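Have a look at the structure below, then the notes.
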Amino acid sequence: QVQLVESGGGLVQPGGSQRLSCAASGIIFRGSTVGWFRQAPGKERELVATITSGGSTNNADSVKGRFTIYRDNAKNTVYLQMDSLQPEDTAVYYCNTKWWAISGKYGDYWGQGTQVTCSS
C-alpha cells in the first residue's frame with residue numbers, strides 16, 4: 001500500500017518560514033518525481049514545485065526565490081522549505097507522485113494534505 005504523509009503545516013506570520021515534509025512508503029521512491037501542490041479556498045489546485053529522481057527542481061513563478069524543494073532518498077522524504085511566506089500562500093498543501101508502487105502497480109498517489117495558514 002502506497003502512503004504519502006504530509007506534515008509541518010500550521011500558522012505562521014507574514015514573512016515567516018515553514019518546512020513541510022512528505023514521507024513516502026510502499027513506493028520505489030528513488031526513481032520517482034514528486035510534486036508539491038496547493039489548493040486555497042475557492043481556487044483550483046495548483047502546482048507549486050517538483051523534484052525529479054536526479055534532483056532537478058522546478059518551481060512555480062509565484063514561489064520562485066522563496067520556496068525550495070529537496071529530497072532525502074535515505075528517508076524516503078521530500079521537503080518544501082517555505083520562506084518569506086505571505087497571506088496568499090495560505091492553502092492546503094499536498095504531495096503527489098505518479099510512479100511504481102513496490103507491489104508493481106503504477107498509480108497517481110496523493111497525500112492527505114496539510115494546512116498552511118499565513119496570517120498576522
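On a predicted model such as this, the values are computed, not experimentally measured, just so you know.
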Worksheet item: Does the side chain of Arg45 come within less than 4.5 Å of Tyr94's, by heavy atoms?
Response: yes
Worksheet item: Do Phe37 and Trp110 have their ring centres less than 6.0 Å from each other?
Response: yes
Worksheet item: Is it the case that Ser17 and Asp83 place a side-chain donor and acceptor less than 3.5 Å from each other?
Response: yes
Fill in: Ser56 OG to Ile51 CD1 distance, which is reported to the nearest 0.5 Å
8.0 Å
Worksheet item: For the residue pair Ala49 and Asn59, what are the closest heavy atoms and their distance?
Response: CB-OD1, 3.4 Å
Worksheet item: Nearest heavy-atom pair of Ser21 and Trp36: which atoms, and what distance?
Response: O-CH2, 3.6 Å
Discussion item. Could you check whether any side-chain N or O of Gln81 sits under 3.5 Å from a backbone N or O of Arg19, counting only pairs where one atom can act as donor and the other as acceptor?
Written reply: no
Worksheet item: Side chain of Glu6, backbone of Gln112: donor and acceptor closer than 3.5 Å?
Response: yes
Discussion item. Given 3.5 Å as the limit, does a donor-acceptor pair link the side chain of Thr77 with the main chain of Lys75, or not?
Written reply: yes
Item to complete: Ignoring hydrogens and angles, tell me if any N or O in the side chain of Trp99 forms a donor-acceptor pair with the backbone of Ile28 under 3.5 Å.
Response: yes
Worksheet entry | Minimal non-hydrogen separation, Ile69 against Thr50, with atom names | CG2-O, 3.6 Å
Worksheet entry | Check: Arg71 side chain, Thr52 main-chain N or O, donor-acceptor pair, under 3.5 Å | yes
Discussion item. What I'd like to find out is whether the side chain of Asp89 reaches to under 4.5 Å of the side chain of Met82, using heavy atoms alone.
Written reply: no
Worksheet item: Does the Thr97 side chain pair with the main chain of Val34, one donor and one acceptor, at a distance under 3.5 Å?
Response: no
Discussion item. Would you say CD of Glu44 has more than 12 non-hydrogen atoms from neighbouring residues, nucleotides or ligands within 6.0 angstrom?
Written reply: no
Practice prompt. Taking the six-membered ring for Trp and the single ring otherwise, decide whether the centroids of Tyr79 and Tyr70 are under 6.0 Å apart.
Written response: yes
